Amino acid sequence: MEDVLEIAGKKINNRLFIGTGKFSSYQIMKKALEEAKAELATVALRRVDESSKTENIMDYIPQNCSVMINTSGARDAQEAVRIARLAEAAGAGNWIKIEVIRDNKYLLPDNIETLKVVEILAKEGFITFPYMSPDLSVARRMVDAGASAVMPLGSPIGSNRGVKTRELIEIMVNEIKLPVIVDAGLGRPSEACECMELGCAAVLVNTAIAVAQNPPEMAQAFAQAVYAGRLAYLSGIPAAGKFASPSSPLTGFLREAKKS
Amino acid sequence: MDNDRIKKMLININGKSEEVKIESNLTELILSKGLCAEKVVIELNLRIVPRQEWKNTPLEEHDSIEIVSFVGGG
């Protein structure tokens with residue numbers, strides 16, 4: 001079945017996006033991206049350190065995988081805009097995951113600052129993906145401001161707690177015309193599958209893959225779960241019922257007396 | 001002029017005060033730090049300086065510079 005996610009003219013077949021943080025090495029990260037056949041990966045921007053002299057993460061991103069820069073580290077709109085512009089100047093393209101966080105305990109996003117960033121960057125031609133708490137009103141404002149997708153969190157970043165915001169994400173899927181991409185908190189493939197069954201356009205997973213004992217195989221497991229969930233959603237999932245409904249015919253039982 | 005003493009000035013690099021040779025430019029700065037030019041972006045006093053301008057961009061005392069590159073991140 002042809003099922004393509006199109007964002008800003010780019011056609012994406014694989015609805016599992018992968019974050020590149022926390023891998024034990026760039027080699028393992030590359031293997032995971034390859035095994036999952038990832039088409040979109042996020043990277044971050046930081047001040048250079050000693051490791052900048054030897055390794056460049058961009059050399060380890062497979063050729064058919066695009067990158068999206070995240071503005072992690074930004075504490076307000078101004079810092080996020082600055083990071084986005086730096087990333088573009090560095091030749092990383094104009095796809096930006098906007099992440100503005102002031103809270104270090106739960107790493108929950110600041111929706112108001114994030115909205116300001118979308119307003120500024122979308123006007124400059126950036127393709128923006130705001131990472132946000134799942135709030136329908138703010139999501140609508142993100143749409144009006146020119147966002148290309150919205151990225152509600154499933155649960156706090158790196159917590160592996162799953163889709164705790166399920167009800168709110170369902171509402172966003174029903175009401176927001178843009179792709180809804182669940183980002184953060186997905187700890188196992190079944191949770192990624194759950195998001196796709198709800199009708200999310202994609203999911204972004206990092207920690208659960210990066211810190212697995214075998215990241216390349218976990219990446220594959222997530223990719224398959226995302227595919228399964230998507231296929232199920234497209235196939236029309238039947239409603240749950242209160243009582244049993246037999247799967248086998250209700251006639252022709254052995255105990256039935258033959259009518260002569 | 002005393003040739004043994006190279007004149008230095010203070011600039012701020014990634015939040016740290018550092019001494020660099022006076023009259024050096026951005027290309028020289030990146031080379032002196034052992035960084036690979038293709039892998040980094042420079043912001044000088046909050047303005048992004050395109051790579052092709054590095055050679056002709058001299059540093060001045062108290063300049064504030066950010067040198068950044070890509071890392072893994074979600």
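Keep in mind that the numbers below use all heavy atoms, side chains included, and drop hydrogens, waters and symmetry copies. Model, not experiment: these values are computed from the prediction.
Interface remark: A:K22 contributes no atoms to any contact with chain B (heavy atom separation under 4.5 Å). For chain B, the nearby parts of A:A87 are the backbone and the side chain; heavy atoms of each come within less than 4.5 Å. With a threshold of 4.5 angstrom between heavy atoms, A:L45 approaches chain B through its backbone and through its side chain. Neither the backbone nor the side chain of A:I157 comes within less than 4.5 Å of any heavy atom of chain B.
At most 12 non-hydrogen atoms from other residues, nucleotides or ligands lie less than 6.0 angstrom from CZ of A:R188. Other residues, nucleotides and ligands contribute at most 12 non-hydrogen atoms within 6.0 Å of the CD atom of B:E23. Within 6.0 Å of atom CG in A:N104, 12 or fewer heavy atoms from other residues, nucleotides or ligands are found, so the atom counts as exposed in its surroundings. The environment of CD in A:Q27 is crowded: more than 12 heavy-atom neighbours from other residues, nucleotides or ligands sit within 6.0 Å.
The two residues B:V71 and A:Y26 have their closest heavy-atom pair at CA-OH, 4.0 Å. Residues A:A44 and B:G72 share a closest heavy-atom pair of CB-O, 4.2 Å. When all heavy atoms are compared, the tightest approach of A:A89 to B:I48 is CB-CG2, 3.4 Å.
No donor-acceptor distance shorter than 3.5 angstrom exists from the side chain of B:S69 to the backbone of A:V48, with no hydrogens or angles considered.
For the pair B:E43/A:L86, a side-chain contact is recorded, criterion being any heavy-atom separation below 4.5 Å from C-beta on. Side-chain contact check for B:K39 versus A:M58: every heavy-atom pair is 4.5 Å or farther apart. Here the side chains of B:F70 and A:I69 are in contact, with some heavy-atom distance below 4.5 Å.
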Steps toward side chain to side chain contact (heavy atoms under 4.5 Å, CB included) verdict (A:R82, B:L46): CA-CA 9 Å; A:R82 196 172 160 199; B:L46 294 178; 3.5 Å; yes
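Separation of atoms CG (A:D49) and CD1 (B:I67) is listed at 11.5 Å; rounding is to 0.5 Å. Taking CD of B:E66 as the reference point, atom CZ of A:R46 lies at 12.0 Å (rounded to 0.5 Å).
For the set B:I13, B:V68, B:V49, B:V41, the entry with the most heavy-atom pairs within less than 4.5 Å of chain A is B:V68.
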